[in-house]
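Sequence lines set the chain letters: A, B, ... in the order given, protein chains first and strands last, and positions in each chain run from 1. Basis for what follows: all heavy atoms, side chains included, without hydrogens, waters or symmetry-related copies.
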Amino acid sequence: MIERIAALGRSGLDILEAMGRSGMVLFHALWAWPNVRTSFPLLVKQIYAVGVLSMVIIVVSGLFIGMVLALQGYNILNRYGSEQALGQMVALTLLRELGPVVTALLFAGRAGSALTAEIGLMKTTEQLASMEMIGVDPLRRIVSPRFWAGFICMPTLALIFSSVGVLGAYAVGVLWLGVDGGSFWSNMQGSVEWGEDVMNGFIKSVVFGVVVTWIAVFQGYDTVPTSEGISRSTTRTVVYASLAVLGLDFILTAVMFGEL
Amino acid sequence: MTSITSTRLQPAANYVEIRDMTFMRGERAIFKNVNIDIPKGKVTAIMGPSGTGKTTLLRLIGGQLKPDQGRIVVDGHNVPELGRSDLFEVRSKMGMLFQSGALFTDLSVYENVAFPLRVHTDLPEDMIRDIVLMKLQAVGLRGAKHLMPSELSGGMARRAALARAIALDPDLVMYDEPFAGQDPMAMGVVVQLIRLLNDALGHTSIVVSHDVQETASIADYIYVVSGGEVIGQGTADEVLNSDLPRVRQFMQGLPDGPVPFHFPAPSLEDDFLRGSSL
Ligand SMILES: Nc1ncnc2c1ncn2[C@@H]1O[C@H](COP(=O)(O)OP(=O)(O)OP(=O)(O)O)[C@@H](O)[C@H]1O
Ligand SMILES: [Mg+2]
């Protein structure tokens, strides 16, 4: 019994320690002002790797989710004879919830795991160590541009996801099921509010972007330098990031739209 | 940097001075109260059986590991006490060839060698190009400049890494197993290169190696480490002809003797007959 409690305490301490270390990693990575001449090309390269290469999965998923939302929404709204509200329903669902959350989950699977594996492999093959010996801090050179790329790309991808989703819903709702196109758009414009919906969704996706990228780069940097270690860290990135996104989503939603 | 001058101790004839240094991995002492001097302008070899901590020693000198006790003074700075930015400053005057090569896999051979130059100098592109090609020529890889590290053989990767380690003409170059995986021709080139760089450019060199003949042919001074201690030191001749049983065993490659070939383990009898502790 005592041993159990001790083990629990130890794992609690381990978790706290890992959180502390991940905080230090982020702090060191972001502390100094980056040198624009050298950092900018690195950032652009990472935006390509993290953001542009995630576009396909984001666009395709957004399209399908929008189409499914339209089908489901049409069936429900139809019962109350209010299928003109379809545009409004789809847009609000996407902007407030599905856009940020689903994008973050896909982003963790697509970009987060790649970041972890890449940094982990660099550590395993002593590339990070040799960079340190050349006198370059890998936290600045490797971790920092990847973090900023995630920070920038995640909200952008969420916005793209929501926009494509609306188009998908338009295709299914208006073109296929015959909802009136004019009321689809005008209902949407009338109900979506800039601050309440667009900004709150944007804030969510910024928070998710920070958390997912942070977890991904830390897991890579902290990996046990073996092939098994890399595979574990990669899995951990996806699991931790997904759980963190869903948990934070609840908290943020409660703060933004709840009675808090 | 001002903080760096304040920690500078009196200048010495040794580029690196290790004093009473102890380093533990868990319960196991990799080094116990070790004293090692690396004289300026000389080629010093560190030899010893596999797994004694030769790579660990280089990492301690480079400040990537911290000793549990003792001082590691490099160019007048006690490395374990340096802050992050001072440490990077000191490292910019060191070059290290990693045992695995450790080329950056996302950069070509050319860019790998250019990397330290781009980071630490403001040289114009054509000058960087000249330096990089010169270094690659020295290791016989000028023609391979556009290859990616994944397209190199093990020996080539190591030579490319060697070119990168010396790109900045650092004051101290540490070579971890520079001869491993080289054919006799490339081996000869690398041996000469290390000697030449040391003499022509006034580097201080540390060579870690098992290759007794090659190392003896270039080293001005040799340390033999085993079991966490320096078991012998001296010029190549002195070490090769040493009377000390442990040194003699290692230098002549005799499997039986006071230097253990095996990683510490329970007795054979315990492991095979009782076979319980797995
Ligand atoms: N990350 C680590 N964690 C725990 N022990 C380690 C670690 N790295 C190395 N060791 C131990 O430290 C000892 C020294 O390792 P080191 O790599 O310095 O040996 P070496 O002398 O360079 O050997 P070789 O000639 O085979 O390269 C080894 O016995 C190894 O078991
Ligand atoms: Mg080694």
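A:Leu139 touches chain B through its side chain: at least one heavy atom from C-beta onward sits under 4.5 Å away, while N, CA, C and O do not. In this structure, chain A has heavy atoms under 4.5 Å from both the backbone and the side chain of B:Met94. Heavy-atom distances place no part of B:Leu168 under 4.5 Å from chain A, backbone and side chain included.
Here the closest heavy-atom approach between residue A:Glu132 and residue B:Arg91 is recorded as O-CD, 3.1 Å. What you find for B:Arg164 and A:Ser130 is that their closest heavy atoms are NH2-OG, 3.4 Å.
In this structure, A:Glu126 pairs ionically with B:Arg59, as a charged nitrogen and a carboxylate oxygen lie closer than 4.0 Å.
In this structure, B:His120 contributes its side chain and A:Val136 its backbone to no donor-acceptor pair below 3.5 Å.
Crowding of B:Glu125 atom CD: a count of heavy atoms from other residues, nucleotides or ligands under 6.0 Å exceeding 12. Remark: B:Phe88 CZ is packed, more than 12 non-hydrogen atoms of other residues, nucleotides or ligands lying under 6.0 Å away. Within a 6.0 Å radius of CZ in A:Arg236, more than 12 heavy atoms belonging to other residues, nucleotides or ligands are found. The local environment of CG in B:Asp126 is crowded, with over 12 non-hydrogen atoms from other residues, nucleotides or ligands closer than 6.0 Å. In A:Lys123, the NZ atom is crowded: over 12 heavy atoms of neighbouring residues, nucleotides or ligands sit closer than 6.0 Å. The environment of B:Met24 atom CE is dense: over 12 non-hydrogen atoms of other residues, nucleotides or ligands sit within 6.0 angstrom.
Contact count against chain A (heavy-atom pairs under 4.5 Å) is highest for B:Ala102 among B:Ala102, B:Ala167, B:Pro170, B:Pro116. If you tally non-hydrogen atom pairs under 4.5 Å between each of B:Ser92, B:Gly101, B:Ser100 and chain A, the highest count goes to B:Ser100.
Interatomic distance, CD1 of A:Ile142 versus CZ of B:Phe104, reported as 7.5 Å (0.5 Å rounding). Atom CD of A:Glu118 and atom OG1 of B:Thr105 lie 7.5 Å apart (nearest 0.5 Å). Separating the CZ atom in A:Arg141 from the CZ atom in B:Phe115 is a distance of 4.0 Å, to the nearest 0.5 Å. Rounded to the nearest 0.5 angstrom, A:Ile134 CD1 and B:Arg118 CZ are separated by 13.0 Å.
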Inset, instruction - Assess whether side-chain contact (heavy atoms from CB on, under 4.5 Å) is satisfied between A:Lys45 and B:Asp106, documenting all intermediate values. - result: CA-CA 12 Å; A:Lys45 200 172 155 196; B:Asp106 56 338; 3.7 Å; yes
